[in-house]
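See structure below.
Residues: numbered from 1 along the sequence shown.
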Amino acid sequence: MQLIYGGSFSCSVSIETIVPVPSCPGNEEEWRKAAKQKNCSAYASQCDDPDKLMYHCVVNEYVNGTLEVCAIQQNIVGGKKN
């Protein structure tokens, strides 16, 4: 798997939290349940900005699967970080 690092916006512990999942949550309730189960706050102290480490569910690099990860929250608009 190819990992792309986000420079100063990343947290090295994120790599350790990557887990393939069959699908991402389909609504807010499912998202809250998945986020609680992932427990990203347990890793937050290992980041420079612990309050920004959050649960994410994303498409993998091959666009054929999904991954859960604890990563720094970022706004991405038009494929670029804001």
Let me confirm one number: the [atom1]-[atom2] distance from [X] to [Y], rounded to the nearest 0.5 Å.
X     : Y     : atom1 : atom2 : answer
Glu68 : Ile18 : CD    : CD1   : 11.5 Å
Cys47 : Ile72 : SG    : CD1   : 4.5 Å
Glu16 : Tyr43 : CD    : OH    : 8.0 Å
Ser41 : Met54 : OG    : CE    : 11.5 Å
Leu53 : Asp48 : CG    : CG    : 11.5 Å
Gln73 : Asp49 : CD    : CG    : 10.0 Å

- Can any side-chain N or O of Lys38 pair as donor or acceptor with the backbone N or O of Thr17 at less than 3.5 Å?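 Between the backbone of Thr17 and the side chain of Lys38 there is a qualifying donor-acceptor contact (under 3.5 Å).
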- Item | Over all atoms of both residues, closest heavy-atom pair of Asn60 and Asn64 |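 For Asn60 and Asn64, the tightest heavy-atom pair comes out as ND2-OD1, 2.7 Å.
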- Passing candidate, side-chain contact (heavy atoms from CB on, under 4.5 Å) with Thr66, options Pro20, Cys24, Pro22, Pro25: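 Option passing the side-chain contact (heavy atoms from CB on, under 4.5 Å) with Thr66: Cys24.
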- Message: For Lys33, give me all partners under salt bridge (Lys or Arg N to Asp or Glu O under 4.0 Å), at least two apart in sequence or on another chain.
- Response: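 Expected list: none.
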- Got a sec, which residues hit salt bridge (Lys or Arg N to Asp or Glu O under 4.0 Å) with Glu28, two or more places apart in sequence or on another chain?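 Partners of Glu28 by the salt bridge (Lys or Arg N to Asp or Glu O under 4.0 Å) criterion, ordered by chain and then number, come out as Arg32.
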- Query: Are Cys40 and Cys70 within a span of less than 2.5 Å, counting SG to SG?
  - Reply: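 Answer is yes: Cys40 pairs with Cys70 in a disulfide.
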